[in-house]
Student: 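Got a structure for you, questions after.
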Amino acid sequence: MIPWIAGLGGYFAFSDQLPFASQILITILFALSLDLVLGFAGIITLGHAAFYGTGAYAAGIYAVHVSHDPLSGLVVAGGAAALVGVLSGLVILRTHGLTQLMLTLAFATLLAEAANKASFITGGNDGLQGIEIDPIVGLFRFDMFGRTGYLYCLIVLFCGWLSLRVLLASPFGQSLVGIRENVTRMRAIGAPVAGRLLIAYSIGAALAGIAGGLLAQTTQFVGQSVLSFERSGEIVIILVFGGIGRIYGAFIGAAVYMIAQDQLAKSDPEFWNFWIGAILVLTVLFARGGILGLIDRWRRR
Amino acid sequence: MTAALEAIGLSKQFGAIGVANDIHFSLERGARQALIGPNGAGKTTFVNLLTGLIVPSAGRILLNGDDITRTGQAARARRGLARTFQINNLFPALSVLENVRLAVAEHRGLFTARRALIEEAHATLSRLGLHDDASTVVRQLPYGKQRLVEIAIALAAEPSVLLLDEPAAGVPGGESGIIFDVIEQLAAGMAVLMIEHDMDLVFRFARRITVLVRGSILVEGTPAEIAADSRVREVYLGTRAHD
């Protein structure tokens with residue numbers, strides 16, 4: 001309940017910084033999608049931005065060329081990312097460990113380069129511009145203060161979180177945990193492991209795509225960085241930072257990381273990256289399980 | 001009557017080394033059969049071949065008359081071939097109930113109502129005397145009870161064939177009785193093959209015994225025949241032979 005009270009409270013507390021707050025919500029959804037793939041299904045990935053970027057471009061291109069409707073745009077974003085997830089998953093999920101990591105990385109890099117070359121549709125280096133979005137369900141117009149955008153992101157995040165919770169509590173979600181914990185035994189009790197992982201990977205891709213779609217719609221711009229290695233790496237850092245494999249790690253990780261980054265960049269414009277790095281090193285050394293893990297240990301005392 | 005499980009000319013070569021050599025083997029419905037042999041005879045390899053963990057170099061495997069030689073491990077399990085592992089192969093971070101529920105869910109299908117799955121998992125636990133440990137995390141369970149969870153997971157799938165790989169391995173002598181009580185109460189229609197080193201238990205359980213030596217079947221017969229076989233005495237039973 002706490003994240004949602006905070007989310008609603010944020011609307012009033014940060015009313016002058018709602019576009020930034022919306023970015024946090026989008027990053028939370030992106031991190032949640034990674035938590036399904038990495039935290040629950042145990043698929044090692046350093047290329048999750050492939051789906052985020054696919055969703056962003058899909059929603060952007062859809063808005064420019066097809067329709068300004070935001071909701072169908074999100075469906076297109078999620079669908080396109082899921083499709084990319086299925087196709088890449090068929091190859092990536094045949095491998096494990098380091099090979100898997102390198103393949104996800106290679107695949108995301110390929111996609112980023114493809115987006116760069118296909119500048120006639122993606123805008124290439126200049127980014128995709130001219131995205132216009134109609135009012136949501138014809139009623140709620142996106143305003144220049146980002147109020148509608150923030151609430152839109154909050155509602156979509158809520159829906160994403162809810163579906164993920166239902167999914168993870170279902171026998172399907174439990175079987176993913178089983179696969180992560182002991183794949184040999186899961187095969188021995190008859191679980192079609194490859195198919196399960198492919199479904200999980202594609203759902204994770206779809207959620208990441210929706211997050212990307214939200215970004216395109218609320219900022220009305222898609223830059224090449226949505227597909228970048230930095231974006232893939234950053235989201236892993238955020239999840240590790242918050243606590244992996246436990247849903248709320250995505251919330252706390254994204255919020256703390258982005259606010260810290262914002263504050264550090266303001267107070268120390270030259271070396272803020274150093275401080276982010278230092279915080280991460282400290283997290284890995286002294287707070288395994290991330291911030292949530294730290295809270296657990298403190299509670300148990 | 002077709003056998004529950006049959007191996008026809010089953011072989012496995014690792015390079016020049018044959019770990020299974022032209023094995024002809026059959027397990028009847030409702031069988032209580034033991035697979036014995038000295039260390040390194042290839043007993044676990046044979047079970048791994050039967051369950052699909054290892055792909056054979058030659059030969060065929062039939063489950064209830066159907067050829068499953070090219071069927072994957074998971075698909076064999078779904079067709080009713082269950083096994084336990086010599087070394088615990090559980091979900092240590094999950095509770096006993098969750099361990100068994102995973103197996104029930106695979107058996108009943110993922111769209112079965114959650115409550116039905118939990119009830120069925122509880123029923124399996126009750127049959128094995130694990131009911132009081134349902135919410136205990138497996139890692140924190142005594143080893144003997146973990147061995148019971150191994151069996152519970154296998155039984156949750158209501159298999160027609162059950163392969164037990166040293167079910168009491170690593171369990172202190174005093175506690176192994178609980179495990180064999182469970183094995184003796186298995187459904188009469190289920191075909192059970194057990195690998196076991198403890199000869200007292202083998203002779204108490206088995207109605208037929210297969211002796212495997214260096215990847216080949218040396219002899220198969222009733223316990224009395226096996227105990228009287230001079231070759232078996234020589235390679236395996238030694239002075240512990242039963243008369």
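Letters A, B, ... mirror the listed sequences (proteins, then strands); counts begin at 1.
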Student: Select one option (side chain, backbone, both, neither) describing which atoms of B:Ala157 are under 4.5 Å from chain A's heavy atoms.
Tutor: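 Neither part.
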
Student: Can you confirm if the NZ or CZ of B:Lys12 lies within 45° of the ring axis of B:Phe14 and under 6.0 Å from the centre of its six-membered ring?
Tutor: yes

Student: Chain A heavy atoms under 4.5 Å from B:Leu94: which part of the residue, side chain, backbone, both or neither?
Tutor: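 When you check distances to chain A, only side chain atoms of B:Leu94 fall under 4.5 Å.
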
Student: Please say whether more than 12 non-hydrogen atoms of neighbouring residues, nucleotides or ligands are located less than 6.0 Å from CZ in A:Arg297.
Tutor: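 Yes, enclosed.
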
Student: Under a 4.5 Å heavy-atom cut-off, does chain B meet the side chain of A:Val177, its backbone, both or neither?
Tutor: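 For A:Val177, side-chain heavy atoms alone lie under 4.5 Å from chain B.
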
Student: Using 30° and 60° as the class limits, which term best fits the ring planes of A:Phe30 and A:Tyr52: parallel, tilted or perpendicular?
Tutor: parallel

Student: Among B:Arg79, B:Arg114, B:Arg76, B:Glu150, who wins on heavy-atom pairs under 4.5 Å with chain A?
Tutor: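 Answer, by heavy-atom pair count under 4.5 Å with chain A: B:Glu150.
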
Student: Identify which of B:Leu81, B:Leu102, B:Val104, B:Thr112 forms the greatest number of heavy-atom pairs closer than 4.5 Å to chain A.
Tutor: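 It is B:Leu102.
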
Student: Rounded to the nearest 0.5 Å, how far does CD1 of B:Ile179 lie from OG1 of B:Thr84?
Tutor: 10.0 Å

Student: Give, as side chain, backbone, both or neither, the part of B:Ala75 having an atom under 4.5 angstrom from any heavy atom of chain A.
Tutor: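 B:Ala75 has no heavy atom closer than 4.5 Å to chain A.
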
Student: Strictly by modelled atom types, are A:Thr104 and A:His48 linked by a side-chain donor-acceptor pair under 3.5 Å?
Tutor: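 No, A:His48 and A:Thr104 have no side-chain donor paired with an acceptor closer than 3.5 Å.
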
Student: Side chain, backbone, both or neither: which part of B:Arg101 has a non-hydrogen atom closer than 4.5 Å to chain A?
Tutor: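 For B:Arg101, the side chain is the part near chain A, not the backbone.
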
Student: Pick whichever of A:Glu181, A:Arg187, A:Arg185, A:Met186 has the most heavy-atom pairs under 4.5 Å with chain B.
Tutor: A:Arg185

Student: Checking side-chain polar atoms at under 3.5 Å, does B:Arg83 have a donor or acceptor matched by the opposite partner on B:Asn48?
Tutor: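 On atom types as modelled, these side chains qualify, holding a pair under 3.5 Å.
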
